[in-house]
Visitor: 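Here it is, the structure in full.
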Amino acid sequence: VGVSGVPGTTDLITDAAQVVAFGEANGWPVAIKAAYGGGGRGMKVVASADEAEGQLESAQREALSYFGRDECYMERYLTRPRHVEVQVLADTHGTCVYLGTRDCSAQRRHQKLIEEAPAAGIPDETLTAMGEAAVAVARGCDYVNAGTVEFLYEDGGFYYLEMNTRLQVEHPATELITGIDLVEMQLRVAAGEPLPFTQDDIEITGHAIEVRVNAEDPAGGAFLPSPGPITTLHTPDGFGTRFDTGYDAGDEISQFYDNLLGKLIVWGKDRPTAIARALRALRELRVEGVATTVPADIAILEHPDFAALEHSTKWVEETLDLTGVSAAPAGPPADDDEAPKVK
């Protein structure tokens, strides 16, 4: 449909020599990705020809472990991209619209920590081109439902990454800037109803930030899993503040499943207001029993690089200094009722 991805090949990799040849032709580094994967699982970055064999074997092992299939493909790996995605909705009557963009560049291990909508600091004409490209992708495969088309953005250009054919974790950020209930729209589309709006009806108002609160200890950047029972869960509220979770105090975070404890979503009239509101809400959130990513989330939101939109998908791991940042799980309440709080 005329939407281009990062230079790469759809041929499955059978030998490390293919990786070497591709890197020499298109430039290093090269990303090896699981063909049946997602969420950063089964993805390895090859910096040079010397690493090709070892990284291919590692990617195949991880892909087989997570997805039961070890097939991999490869593409050029951008060095400082932003992860920008477009929310689309398509019904069975031929209508397909895009509902603005989201920036999901604050990541660790290729998995998102903080998402915001709309993507800031990108020219309006580029955002429009992204939206139109996303609709072209959806229409090109006769897609029906809510879906997300993901792009990598770098130096004014954008490249198709993948399409998530489902509702994503970060969909509430789009709901807050559009006023559209995406779950309701999914149900109406599934019932055969036409979408009650067109592209011209979509209005973006203000700025939204979603913070994923995972049961992990940032531990100086290690993000160590912290399974176990939640003894206390006090969630924030107030104007423009929403907290989505499937847990309550007394529930247990399993070591066998994704450790997302909840999602904090805030809205503000502009990006600085949304950042300030997210920080206020994170400091009100109280979780005891398990460690959480909240200290790292605060470090990200307070950093001048984040405010200035200087961050990229690799910024958390390569630039953000999390030395001394930790969130050890709280112990049992003290007799004097002055037990330390994990925030």
Side-chain angles (χ1 to χ4, degrees), residues 38-40 85 87 102 104 106-109 111-117 146 148 164 166-187 207-218 223-268 274-301 326-330 333 339-343:
E85 57 192 32
Q87 178 71 59
R102 296 187 292 257
C104 309
Q107 306 179 3
R108 50 84 177 87
R109 296 192 293 271
Q111 295 176 300
K112 303 161 188 173
L113 286 166
I114 295 176
E115 301 106 349
E116 52 183 319
T148 300
N164 286 291
R166 54 180 170 81
L167 202 63
Q168 285 194 282
V169 174
E170 58 269 29
H171 78 271
T174 294
E175 293 182 329
L176 291 188
I177 63 168
T178 62
I180 295 172
D181 185 331
L182 292 174
V183 176
E184 175 194 356
M185 289 302 106
Q186 283 190 302
L187 294 171
H207 198 85
I209 293 177
E210 176 178 297
V211 180
R212 300 193 190 195
V213 179
N214 288 76
E216 297 176 17
D217 185 346
F223 292 97
L224 302 173
S226 179
I230 303 168
T231 56
T232 299
L233 179 57
H234 173 78
T235 61
D237 55 17
F239 179 78
T241 304
R242 167 179 169 181
F243 196 87
D244 290 5
T245 183
Y247 289 103
D248 204 346
D251 293 336
E252 184 165 349
I253 303 291
S254 170
Q255 64 176 314
F256 301 110
Y257 301 100
D258 190 283
N259 56 26
L260 181 67
L261 185 150
K263 306 183 293 186
L264 169 68
I265 315 100
V266 301
W267 178 91
I275 292 174
R277 185 159 289 148
L279 286 167
R280 184 272 302 166
L282 284 171
R283 291 189 171 103
E284 287 184 7
L285 174 64
R286 193 169 88 240
V287 182
E288 296 177 359
V290 295
T292 73
T293 50
V294 168
D297 297 326
I298 291 174
I300 292 169
L301 291 167
S326 183
K341 301 295 188 289
V342 176
K343 296 183 178 180

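The residues of the chain are indexed from 1 along the displayed sequence. Just so it is clear, the values below take in all heavy atoms, side chains as well, and ignore hydrogens, waters and symmetry mates. Every value quoted in this text rests on a predicted model; they were computed, and no experiment measured them.
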Visitor: Do Gln168 and Thr148 have side-chain N/O donor and acceptor atoms under 3.5 Å apart?
Guide: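 Yes, Thr148 and Gln168 have a side-chain donor paired with an acceptor closer than 3.5 Å.
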Visitor: Within the 4.5 Å heavy-atom criterion, are Leu261 and Leu233 side-chain neighbours or not?
Guide: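 The answer is yes, as the side chains (C-beta and beyond) meet within the 4.5 Å cut-off.
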Visitor: Is any side-chain heavy atom of Leu279 closer than 4.5 Å to a side-chain heavy atom of Arg283?
Guide: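 Side-chain contact under 4.5 Å: yes.
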Visitor: Examine distances only and state if a side-chain atom of Asp181 and a backbone atom of Val183 form a donor-acceptor pair shorter than 3.5 Å.
Guide: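 Yes: the side chain of Asp181 pairs with the backbone of Val183.
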Visitor: If you round to the nearest 0.5 Å, how far is CD of Gln111 from CG of Asp258?
Guide: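 So the gap between those two atoms works out to 7.0 Å.
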Visitor: Tell me, please, which residues at least two apart from Arg280 pass side-chain hydrogen bond (donor to acceptor under 3.5 Å, both in side chains).
Guide: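 Partners of Arg280 under the side-chain hydrogen bond (donor to acceptor under 3.5 Å, both in side chains) test: Thr241, Glu284.
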Visitor: Evaluate the side-chain proximity of Thr292 to Leu285: yes if any heavy-atom separation is below 4.5 Å, no if none is.
Guide: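 The answer is no; the side chains never approach within 4.5 Å.
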Visitor: Is the backbone of Leu182 close enough, under 3.5 Å, to the side chain of Glu175 for a donor and an acceptor to pair up by distance?
Guide: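 Yes, because the side chain of Glu175 sits within donor-acceptor range (under 3.5 Å) of the backbone of Leu182.
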Visitor: Quick one: closest heavy-atom pair of Leu264 and Pro236, and the distance?
Guide: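 Residues Leu264 and Pro236, closest heavy atoms: CD1-CG, 3.9 Å.
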Visitor: Contact between Phe223 and Thr293 at the side-chain level, heavy atoms closer than 4.5 Å - yes or no?
Guide: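 They are in contact (side-chain heavy atoms under 4.5 Å apart), so the answer is yes.
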Visitor: Does the side chain of Leu301 reach to within under 4.5 Å of the side chain of Leu282, using non-hydrogen atoms?
Guide: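 Sidechains of Leu282 and Leu301: in contact.
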Visitor: Looking only at heavy atoms, which two atoms of Ala146 and Leu167 are closest? And how far apart?
Guide: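 Taking Ala146 first and Leu167 second, the nearest heavy atoms are CB-CD1, 4.0 Å.
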Visitor: Could you tell me whether the side chain of Ile180 reaches within less than 4.5 Å of the side chain of Thr174, counting heavy atoms only?
Guide: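 Result no, sub-4.5 Å side-chain heavy-atom pair not found.
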Visitor: If I compare all heavy atoms of Ala281 with all of Val266, which pair ends up nearest, and what's the gap?
Guide: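 Looking at all heavy atoms of both residues, the closest pair is CB-CG1, 4.4 Å.
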Visitor: For a quick test of reading the model, state the closest non-hydrogen atom pair linking Asp217 to Ala291 and the distance between them.
Guide: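 Closest approach of Asp217 to Ala291, heavy atoms only: CB-CB, 3.8 Å.
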Visitor: Any side-chain heavy atom of Val169 within less than 4.5 Å of one from Lys112?
Guide: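 They are not in side-chain contact.
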Visitor: Would you mind reporting whether Glu115 and Glu85 have side-chain heavy atoms less than 4.5 Å apart?
Guide: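 Glu85 does not reach Glu115 side chain to side chain.
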Visitor: Hey, are Arg242 and Glu210 close enough for a salt bridge, meaning a charged N less than 4.0 Å from a carboxylate O?
Guide: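 No, no charged N to carboxylate O under 4.0 Å.
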Visitor: Assess, by modelled atom type and distance only, whether the side chains of His207 and Glu116 contain a donor and an acceptor separated by less than 3.5 Å.
Guide: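 Yes.
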Visitor: Using side-chain contact (heavy atoms from CB on, under 4.5 Å) as the criterion, point out the one residue from Val290, Asn259, Leu224 that pairs with Glu216.
Guide: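 Between Glu216 and the candidates, side-chain contact (heavy atoms from CB on, under 4.5 Å) is satisfied uniquely by Asn259.
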Visitor: Please name the pair of heavy atoms, one in Phe243 and one in Thr235, separated by the smallest distance, quoted to 0.1 Å.
Guide: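 Heavy atoms of Phe243 and Thr235 come nearest at CD2-CG2, 3.5 Å.
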Visitor: Checking side-chain contact (heavy atoms from CB on, under 4.5 Å) between Arg212 and each of Asp297, Leu260, Leu113, which is the one that passes?
Guide: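 Testing each of Asp297, Leu260, Leu113 against Arg212, the sole residue satisfying side-chain contact (heavy atoms from CB on, under 4.5 Å) is Leu260.
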Visitor: To check you understand the geometry: which heavy-atom pair defines the closest contact between Ala208 and Leu176, and what is its length?
Guide: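 It is CB-CB, 4.1 Å.
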Visitor: If we ignore hydrogens and angles and just use 3.5 Å, is the side chain of Thr231 paired with the main-chain N or O of Glu288 as donor and acceptor?
Guide: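 Present.
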Visitor: Using side chain to side chain contact (heavy atoms under 4.5 Å, CB included) as the criterion, list what pairs up with Phe256, not counting sequence neighbours.
Guide: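 Once residues adjacent in sequence are excluded, the partners of Phe256 under the side chain to side chain contact (heavy atoms under 4.5 Å, CB included) criterion are Ser254.
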Visitor: Supply the atom-to-atom distance Glu170 CD to Asn164 CG, rounded to the nearest 0.5 angstrom.
Guide: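 Interatomic distance, Glu170 CD to Asn164 CG, rounded to 0.5 Å: 8.0 Å.
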